[in-house]
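Following: one structure in structure tokens, then a few remarks.
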Amino acid sequence: MAEIDRDESSIDEPKTGQVRSLLRALRLLDTVAARAEGMSLTELARATDLSAPTVHRLLTTLEEAHYVRFDPATRRWMVGVQAFLSGLAYADGRGLRRLADPPMRTLFGLCHETVNLAVEERGTILYLHQLGDPGASLPGSMPLPVHGSGVGKALLAAKPDPVLSRTLPALALTRLTEKTVADLPSLRDQITRARRSGYAIDDEEHLSGVRCVAAPILDRGGRPVAALSISAPRERMGDDRITQIGMLVRQAAEKVTLQLGGRPH
């Protein structure tokens, strides 16, 4: 077999251009990830010493692959869920789903109710992993608006105040059931209570007859990257049991946070 020539002079110009673009995109991703509150296009161009059109082209490519996301309310670019999952796979050697699976199985064994692992992507909640009865009426894999789910409110409660103040006004507070929180004062009140207790509650706000308790998972920078929750029919999730399950979910989320190198709030 002929030896592959690795002399840089043998690399053609289009290939060199592709490599240069890849390196710029990776440098841009690092810059975005360094600021939890995100950065504007102008700020990113200045920080990377690239032209605004070049930065925008690279950002839109990264956005398609979910490595970055754009917040239209603040006009800022932020790190996307795929960047977190890829980074976790490298640093931990596993992945978020595998990392959270043991605490989730412990939760299921203690409560015998469905346990969920979810992340936020572009203002909606996506479920990555679920343990429980596959025939039950549960959140499943369909995207949910942040305000209409326990995991969404848990993630909102874990955001720093400056980020939260920009995020909340941009939410479309659509009503999913008659109990869905559909105004900012009520949502802020629920976030305050979630911060105080360490877990958030979905009281039949996504599905009538289903209640949910959720707690956030934090990264090394204290940023919410995912959430754990337990969902159950209302008849099995009374107020007393919500308090009990809330503490168990919070403890499980804290275990995953510690494994990520983070510190629980």
Side-chain angles (χ1 to χ4, degrees), residues 69 71-74 81 107 111 113-161 163-217 224-250 253:
R69 61 188 178 88
D71 184 346
T74 63
V81 66
L107 271 179
C111 303
E113 303 291 359
T114 298
V115 185
N116 312 289
L117 171 67
V119 296
E120 178 192 354
E121 174 67 8
R122 301 185 184 186
T124 61
I125 297 302
L126 303 177
Y127 286 82
L128 302 180
H129 188 27
Q130 219 172 41
L131 297 174
D133 180 4
S137 180
L138 300 166
S141 60
M142 294 299 294
L144 292 174
V146 173
H147 72 286
S149 65
V151 289
K153 286 184 281 188
L155 292 170
L156 287 173
K159 291 180 183 291
D161 284 333
V163 176
L164 187 65
S165 64
R166 295 193 300 266
T167 302
L168 291 182
L171 295 178
L173 301 181
T174 54
R175 192 176 293 278
L176 305 175
T177 72
E178 62 179 15
K179 290 193 172 183
T180 304
V181 173
D183 63 273
L184 277 180
S186 297
L187 182 57
R188 288 183 184 276
D189 181 61
Q190 289 205 11
I191 289 171
T192 299
R193 282 184 282 170
R195 286 177 168 179
R196 188 180 304 123
S197 65
Y199 57 86
I201 299 171
D202 165 6
D203 186 12
E204 300 184 79
E205 296 169 57
H206 164 236
L207 289 173
S208 296
V210 176
R211 303 180 92 181
C212 176
V213 185
I217 296 170
V225 294
L228 289 179
S229 72
I230 287 184
S231 304
R234 181 179 179 84
E235 56 267 23
R236 296 205 302 265
M237 188 82 89
D239 292 344
D240 290 343
R241 196 166 187 230
I242 276 187
T243 301
Q244 176 190 11
I245 287 179
M247 295 307 298
L248 292 174
V249 171
R250 176 180 177 176

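Just the heavy atoms: all of them, side chains too, but no hydrogens, waters or symmetry mates, feed the values below.
Here the CG-CG distance, from Leu171 to Leu184, works out to 7.5 Å after rounding to the nearest 0.5 Å. Between the CD1 atom in Ile125 and the NE2 atom in His206 there is a gap of 11.0 Å [rounded to 0.5 Å]. Between the OG1 atom in Thr177 and the CD atom in Glu205 there is a gap of 6.5 Å [rounded to 0.5 Å]. Taken to the nearest 0.5 Å, the OG atom of Ser229 stands 12.5 Å off from the CD1 atom of Ile201. We find the NZ-CG distance between Lys159 and Leu155 to be 7.0 Å, quoted to the nearest 0.5 Å. Atom-to-atom distance recorded for Thr180:OG1 and Leu207:CG is 9.5 Å, nearest 0.5 angstrom.
For the pair Val146 and Thr167, the minimum side-chain heavy-atom distance is 4.5 Å or more. For the pair Ile242/Met237, a side-chain contact is recorded, criterion being any heavy-atom separation below 4.5 Å from C-beta on. For the pair Ile230 and Leu248, the minimum side-chain heavy-atom distance is 4.5 Å or more. Between Val151 and Glu120, the closest side-chain pair of non-hydrogen atoms is not below 4.5 Å. Residues Ile217 and Leu117 are in side-chain contact: their nearest non-hydrogen atoms beyond the backbone lie under 4.5 Å apart. Contact of the Ser231 side chain with the Asn116 side chain is registered, since non-hydrogen atoms from C-beta on lie closer than 4.5 Å. A 4.5 Å side-chain heavy-atom check between Arg250 and Val213 finds every atom pair outside the cut-off.
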Q: Tell me, with the steps shown, if Leu164 and Leu156 meet side chain to side chain contact (heavy atoms under 4.5 Å, CB included).
A: CA-CA 7 Å; Leu164 187 65; Leu156 287 173; 4.1 Å; yes
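The minimum heavy-atom distance linking Ala154 with Ala214 is given by the pair CB-O, 3.8 Å. Across all their heavy atoms, Ala157 and Ile191 have their closest contact at CA-CG2, 3.7 Å.
Applying the side chain to side chain contact (heavy atoms under 4.5 Å, CB included) criterion to Arg234, with sequence neighbours excluded, gives Lys179, Asp203, Glu204, Arg211. In this structure, Arg188 has no salt bridge (Lys or Arg N to Asp or Glu O under 4.0 Å) partners at least two apart in sequence or on a different chain. Under the salt bridge (Lys or Arg N to Asp or Glu O under 4.0 Å) criterion, Glu113 pairs with Arg236, Arg241, sequence neighbours left out.
Atom CD of Glu178 has 12 or fewer heavy atoms from other residues, nucleotides or ligands within 6.0 Å. Enclosure of atom CG in Asp240 is not indicated, since only 12 or fewer non-hydrogen atoms of other residues, nucleotides or ligands lie within 6.0 angstrom.
Side-chain contact check for Asp202 and Ser149: no donor-acceptor pair (N or O, by modelled atom type) lies under 3.5 Å.
The main-chain N or O of Thr174 is found under 3.5 Å from a side-chain atom of His147 such that the two form a donor-acceptor pair.
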